[in-house]
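The basis for the numbers below is simple: all heavy atoms, side chains too, and nothing from hydrogens, waters or symmetry mates. Computed from a prediction, not measured in an experiment: that's the story for all the values here. Labels below follow one simple rule: chain letters A, B, ... track the order of the sequence lines, proteins then strands, and each chain is numbered from 1.
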Amino acid sequence: NAGVTQTPKFRVLKTGQSMTLLCAQDMNHEYMYWYRQDPGMGLRLIHYSVGEGTTAKGEVPDGYNVSRLKKQNFLLGLESAAPSQTSVYFCASSRGQGFYNEQFFGPGTRLTVL
Amino acid sequence: AQSVTQPDIHITVSEGASLELRCNYSYGATPYLFWYVQSPGQGLQLLLKYFSGDTLVQGIKGFEAEFKRSQSSFNLRKPSVHWSDAAEYFCAVQNQAGTALIFGKGTTLSVSS
């Protein structure tokens, strides 16, 4: 099993450009998450999904959109990138709630917006 | 509102010495608590988790954590630190809706020889 994979690993954008980050999991998990990690800020939840076709906002959703068309994939989109979106983005998945909310993380995508 | 506080931003420990990383949470009911480790350039890996039962939980890599309800704490410990333990450690609590984890800001562990 590959676990949680993220594509791409690195990306440099210019302000105003758009891009999509892809997250895939092969564990048949219901829940999927997108976080951003910034120095001294820990991990902050952007959006999450509790099942195929469902998405919800997290702590810092502005400037991002997501889609979960297939259970195994969770896409994060930036429609018009801003320098404030320079960060490391992590995707995670979990089986469900409670004790099953152990989240499995991907390796991260380092995004720089110039 | 739920929150997790990791009071120590950075800790340095000598190799072979014991380690304790602090975590305090704010949560009304019995919390689901987690400790994760992040090695440089890597994603997060679960060390251990707690919901109920024995308040001392064992995890991977020789780590353990003790849940103390009276102190709202879930501190991570290791009796003897190895150089490979140098990493960033995150404490997390599940939110009340059960839909997400709330992470602390992390503690960076350095190990000196």
Side-chain angles (χ1 to χ4, degrees), chain A residues 2-7 9-10 21 23-25 27 29-51 54-61 66 68 74 88-110, chain B residues 1-10 21-25 27 29-54 57 59-60 65 67 74 87-108:
Chain A
V4 179
T5 58
Q6 293 182 233
T7 309
K9 288 185 171 53
F10 302 94
L21 281 66
C23 176
Q25 53 95 3
M27 297 173 281
H29 283 171
E30 289 294 331
Y31 288 29
M32 296 187 74
Y33 311 84
W34 276 107
Y35 294 92
R36 59 177 291 171
Q37 184 179 32
D38 303 291
M41 301 294 291
L43 274 79
R44 293 182 291 170
L45 183 64
I46 304 171
H47 286 279
Y48 64 97
S49 168
V50 299
T54 73
T55 63
K57 295 180 180 180
E59 180 186 356
V60 289
V66 289
R68 183 108 181 262
F74 195 30
V88 180
Y89 291 86
F90 287 98
C91 176
S93 70
S94 69
R95 183 175 160 186
Q97 296 187 7
F99 212 62
Y100 299 105
N101 209 344
E102 171 188 345
Q103 295 187 13
F104 293 81
F105 283 79
T109 295
R110 186 173 294 275
Chain B
Q2 297 157 276
S3 64
V4 175
T5 302
Q6 294 181 245
D8 303 304
I9 297 173
H10 190 191
L21 301 182
R22 297 184 291 164
C23 172
N24 294 99
Y25 65 90
Y27 191 87
T30 300
Y32 291 90
L33 294 160
F34 304 80
W35 271 102
Y36 284 85
V37 61
Q38 183 182 30
S39 298
Q42 303 295 315
L44 279 71
Q45 179 185 22
L46 181 72
L47 285 175
L48 47 80
K49 59 184 178 180
Y50 171 81
F51 170 55
S52 64
D54 194 346
V57 293
I60 62 171
F67 172 67
F74 187 54
E88 191 159 18
Y89 292 80
F90 293 93
C91 181
V93 64
Q94 183 182 249
N95 66 0
Q96 285 187 327
T99 52
L101 297 183
I102 300 167
F103 285 85
K105 289 184 167 46
T107 297
T108 299

Novice: Among pairs that include at least one residue of residues 37-48 of chain A, which meet salt bridge (Lys or Arg N to Asp or Glu O under 4.0 Å), considering only residues two or more places apart or in two chains?
Specialist: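 Every pair satisfying salt bridge (Lys or Arg N to Asp or Glu O under 4.0 Å) with a residue in residues 37-48 of chain A: A:R36-A:D38, A:D38-A:R44.
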Novice: Could you look at B:Q45 and say if it's the side chain, the backbone, both or neither that has a heavy atom under 4.5 Å from chain A?
Specialist: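 For B:Q45, there is no contact with chain A at all, as no heavy atom is under 4.5 Å.
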Novice: B:Y36 versus A:Q103: any side-chain heavy-atom pair under 4.5 Å?
Specialist: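 Contact flag for B:Y36/A:Q103 side chains = yes.
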Novice: Under 4.5 Å, counting heavy-atom pairs only, tell me which of B:T99, B:L46, B:V4, B:N95 racks up the most with chain A.
Specialist: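 The candidate making the most pairs under 4.5 Å is B:T99.
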Novice: Please look at A:L45 and chain B and tell me whether the side chain, the backbone, both or neither of the residue comes under 4.5 angstrom of a heavy atom of that chain.
Specialist: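 A:L45 touches chain B through side-chain heavy atoms alone.
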Novice: For B:L101, does its backbone N or O pair with a side-chain atom of A:Y33 as donor and acceptor, under 3.5 Å?
Specialist: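 Checked: no pair found.
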Novice: Taking CD1 in B:I9 as the centre, count heavy atoms belonging to other residues, nucleotides or ligands within less than 6.0 Å. Is the count above 12?
Specialist: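 No, CD1 of B:I9 has 12 or fewer neighbouring heavy atoms, counting only those of other groups under 6.0 Å.
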Novice: Counting only heavy atoms closer than 4.5 Å, note whether B:A92 contacts chain A via side chain, backbone, both or neither.
Specialist: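 Contact with chain A involves no heavy atom of B:A92 at all.
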Novice: Sequence neighbours excluded, which residues qualify as side-chain contact (heavy atoms from CB on, under 4.5 Å) partners of A:K9?
Specialist: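 If we apply the side-chain contact (heavy atoms from CB on, under 4.5 Å) test to A:K9, skipping adjacent residues, there are no hits.
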Novice: Using heavy-atom distances under 4.5 Å, tell me whether B:Q6 contacts chain A through its side chain, its backbone, both, or neither.
Specialist: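 Looking at B:Q6, nothing touches chain A.
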Novice: Which heavy-atom pair separates B:F90 from A:Q37 by the least distance, and what is that distance?
Specialist: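 Nearest heavy atoms, B:F90 then A:Q37: CZ-NE2, 3.3 Å.
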